[in-house]
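Keep in mind that what you see is a predicted model, and the values were worked out from it rather than measured. In what follows, chains are A, B, ... by sequence order, proteins preceding strands, each numbered from 1.
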Amino acid sequence: MIVTRFAPSPTGYLHVGGARTALFNWLLARRLGGRFLLRIEDTDVKRNTPTAAAQVMADLRWLGLDWDEGPDIGGPSGPYSQSERRPIYDRYIRRLLDEKKAYYCFDTSEELGALRDEAQTEKRHNLYQRPSQFPTEADVQKARAEGRPVTVRFAVTQTEPIVVEDEIRGQVTFNPADIGDFIILKSDGFPTYHFAVVVDDELMGVTHILRGQEHLMNTPNHQLLQKALGFRIPKYAHMSVTVSDSGGKLSKRERPKALRTAVEAKVGVDHAVLAKAGGISVEELDSFLRGDSAPDMPAIDAMAEFLGVHLPEINVVDFFRSGYLPETMVNFLALLGWNPGDGREIMTRQELIEAFDLLRVTKANSLFDRNKLLAFNTEHIKRTPAETLAGHFRAYLKAVDSPVAGADDALLARIIRLNEGARTLEQIEQKSRFAFIPNEAVCYDPESVRKVLLKGDGLAILRAVGQGLAALKELTPETVETLLRGLAEEKQVGLGKVAQPLRVALCGNTVSLPIFDAAQMLGLNNTLKRIERTLKEFGPSRGS
RNA sequence: GGCCCCAUCGUCUAGAGGCCCAGGACACCGGGUUUUCAACCCGGCGACAGGGGUUCGAAUCCCCUUGGGGCUACCA
């Protein structure tokens, strides 16, 4: 039985890179009928945020990646949060200490920093100088009394090359001479990542460790620890990194960066107003704009919305809020560094599980291509069963606080049907919201008004359309169509010439649902009122 | 700087020595369809990073160069 795990550190939302790692682990476990574990790596007290673990779990659930053991549901090898496992780590630290495989250190971070700088300027590898005699417990007491930090380092004594058998990359060999004695217990009493990960993976029975390539260089350290502790060596597989179109690893810093450039590009942005929109102080904003600090994500999001700029989606929730389907994300992420080998691209979770194979994971880094993601979303919107899609759409509407949320199930289903071919849920929302806002709230897009209403005889046609509609006994898509087509024929123009002015009058712009249905959704009364308002606002009477 | 990983169209990739003057998808360009935006249909552009080997034969194997990425913390 194989066991895989996803072990995020709760520093914020789950981002796509993490989601991809989680997905591959999940796919591997599901494919081979194994178990998939969720473990929270919260050994860095400074960086953890209290709600992050819950948020990460919510994001995984949205993606449909379920776990068999985890902090919320427990399991045979709990607890599943590292902060709750300190007694366990202490036991193993003690063992290494007793066996003289590890030793105490009392260096301050300033001292270590100085050593690092020195090595840097001399262009040397920074290796920690192991003392000839390990400090005793008495030395520890003394150091504590003096207020010096106490850490524990692992003594790297092996001289033979360390060979990592990577399932994706093959054999990778390391020279232990390049690996300095590294810290395994921090001065705050928490183990470092290297130590906690090794102990937990052993105790939790993890058989396959699939993680990002950034961990490849850590693996020799981990294997050294495993050997020293008498643990088995699990199978390792290091996946390529997902890079951003702006170059480098796709990182959560991109959203703040994009916002900063947007603010810089816009002239005359009132900092006081912008700061207020983000719920932060002007000082915080200025510090952010200088590049000295970054406010938290909700503040970034709020300011971006205020400015009307679209930030690149990085976190899983960003994609949710931009109207992407979880099916899309899972499918797309799976194909970033893996493929089924038979040319298939659009696949369901089940198909992915059945086809997944570590042997087909590619080695090269891949770029996160938003265009292709959009195409995938379009395809999944088409393929997802109506009820499922309606559920996703409801959740989306609620999340973005859309007036369209007021639609009943039948209307929502109809809206979705009318939006066949939409690329995102956001698009569906934008094209439908006209029917859920008060007549006075319609915003007229100046460009559309100019082109459709003012340039030709759009206003005259709109007036005729209004009169025709007013005379209608019943307003249905069919009667509207008959009317508009008749009008077009009468005036010897294309249907577009009569449909477009009506579209602008009802929706405010030229992008909307099919106009016959749009009119019917609005009802005769509102339709006439909006036409009236449009004529009044843009009609020639304005000047007289 | 040191260590490690990687390298096929703009992007994601197929390709495990002859099936490849390299296939698919997205993007792009042209055309069609059309009440808008999409969607849809047809067509087109477009890559084996460079240089050496090995071999009868190399995108596929080896070496070097170049380029990209990662790591180099009391972060994970």
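The distance between atom CG of A:N126 and atom P of B:rG1, rounded to the nearest whole Å, is 17 Å. Between the P atom of B:rC75 and the CZ atom of A:F190 lies a distance of 11 Å, rounded to the nearest Å. With rounding to whole Å, A:D117 atom CG is found 16 Å from B:rU72 atom P. Atom NE2 of A:H15 is separated from atom P of B:rA76 by 15 Å (rounded to the nearest Å). A:D342 places its CG atom 14 Å from the P atom of B:rA25, with the value rounded to the nearest Å. If you take NZ of A:K363 and P of B:rU60, they are 14 Å apart, rounded to a whole angstrom. In this structure, A:F6 atom CZ and B:rA76 atom P are separated by 15 Å, rounded to whole Å. A straight line from CG of A:L374 to P of B:rC28 spans 10 Å, rounded to a whole angstrom.
Side-chain contact between A:R5 and A:N25: absent, with no pair of heavy atoms (C-beta onward) separated by less than 4.5 Å. Counting heavy atoms from C-beta on, the side chains of A:Y92 and A:V198 never come closer than 4.5 Å.
Using Watson-Crick or G-U wobble geometry with both donor-acceptor distances under 3.5 Å, B:rC61 finds its partner in B:rG53. If you check B:rG67 for Watson-Crick or wobble pairing at under 3.5 angstrom, you find it paired to B:rC6. Using Watson-Crick or G-U wobble geometry with both donor-acceptor distances under 3.5 Å, B:rC19 finds no partner in any strand shown. Remark: B:rG46 base-pairs with no nucleotide in the shown strands. Criterion, Watson-Crick or G-U wobble with two distances under 3.5 Å. Judged by Watson-Crick or G-U wobble contacts below 3.5 Å, the nucleotide B:rU33 has no partner.
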Quick one, give me the B/S/- string for nucleotides 8-13 of chain B, reading 5' to 3', where B means a protein heavy atom under 4.0 Å from the base and S means that only happens at the primed atoms, P, OP1 or OP2.
---BBS
Nucleotide by nucleotide, 5' to 3', does protein get under 4.0 Å of the base (B), only the sugar-phosphate (S), or neither (-) in nucleotides 32-48 of chain B, counting heavy atoms?
---BBBBSS--------
Which donor-acceptor pairs under 3.5 Å do the side chains of residues 416-423 of chain A make with protein atoms, sequence neighbours left out?
residue	atom	partner	partner atom	Å
A:N419	ND2	A:I415	O	2.9
A:R423	NE	A:T378	OG1	3.1

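A:D42 and A:S83 share a side-chain donor-acceptor pair at under 3.5 Å. Side chains of A:E254 and A:S244: a donor on one and an acceptor on the other come within 3.5 Å. No side-chain donor-acceptor contact under 3.5 Å links A:S432 and A:R414. A donor atom on one side chain and an acceptor atom on the other are found under 3.5 Å apart for A:K252 and A:T11.
To the nearest whole angstrom, the two P atoms, one in B:rC20 and one in B:rG24, are 12 Å apart. Taking the P atoms as reference points, B:rC64 lies 23 Å from B:rC48, given to the whole Å. Taking the C1' atom of each, B:rG69 and B:rG53 are spaced 28 Å apart, rounded to whole Å. Between the C1' atoms of B:rC9 and B:rC45, the separation comes to 10 Å (whole Å). With both ends at atom P, the span from B:rA14 to B:rA7 equals 10 Å, rounded to whole Å. Straight-line distance between the P atoms of B:rG46 and B:rG10: roughly 11 Å, to the nearest whole Å. Comparing B:rG17 with B:rG1, their C1' atoms are spaced 40 Å from each other, to the whole Å. Between B:rG52 and B:rA76, the distance separating the two P atoms is 49 Å to the nearest Å.
Salt-bridge formation is detected for the pair A:E429/A:R433: a Lys NZ or Arg NE/NH1/NH2 atom is positioned less than 4.0 Å from an Asp or Glu carboxylate oxygen. The pair A:R47-A:D44 counts as a salt bridge, with a side-chain nitrogen and a carboxylate oxygen less than 4.0 angstrom apart. We find that A:E447 and A:R450 are joined by a salt bridge, their nearest charged nitrogen and carboxylate oxygen being less than 4.0 Å apart.
In this structure, of B:rG70, B:rC3, B:rC75, it is B:rG70 that holds the atom nearest to the side chain of A:Q213. The nucleotide whose nearest atom lies closest to any side-chain atom of A:T151 is, among B:rA27, B:rC74, B:rA76, B:rC74. In this structure, the nucleotide among B:rA73, B:rG70, B:rC26 sitting nearest to the side chain of A:E214 is B:rG70.
Within the 4.0 angstrom heavy-atom criterion, no nucleotide atom of any strand lies near A:S448. When heavy atoms are screened at a 4.0 angstrom cut-off, A:N218 is found touching base atoms of the nucleic acid. Within 4.0 Å of A:N509, counting heavy atoms only, lies no atom of the nucleic acid at all. Across all strands, A:L373 comes closer than 4.0 Å to no nucleic acid atom at all (heavy-atom distances). Residue A:H238 is out of contact with every strand shown, counting any heavy-atom pair closer than 4.0 Å. Using a 4.0 Å heavy-atom criterion, one finds that A:P8 contacts no nucleic acid atom at all.
For the pair A:L484 and A:A499, the tightest heavy-atom approach, listed with the atom from each and the gap, is CD1-CA, 4.3 Å.
One finds a side-chain N or O of A:T43 lying less than 4.0 angstrom from the OP1 or OP2 phosphate oxygen of B:rA76. Residue A:R47 places none of its side-chain N or O atoms closer than 4.0 Å to OP1 or OP2 of B:rC74.
Counting atom types as modelled, A:S187 pairs a side-chain N or O with a base atom of B:rC74 as donor and acceptor under 3.5 Å.
Just one residue in the list A:I184, A:V152, A:V140 forms a side-chain contact (heavy atoms from CB on, under 4.5 Å) with A:L97, and that residue is A:V152.
Checking A:I183 against A:T173, the closest nucleotide of RNA chain B that is more toward the 5' end is the one next to A:T173.
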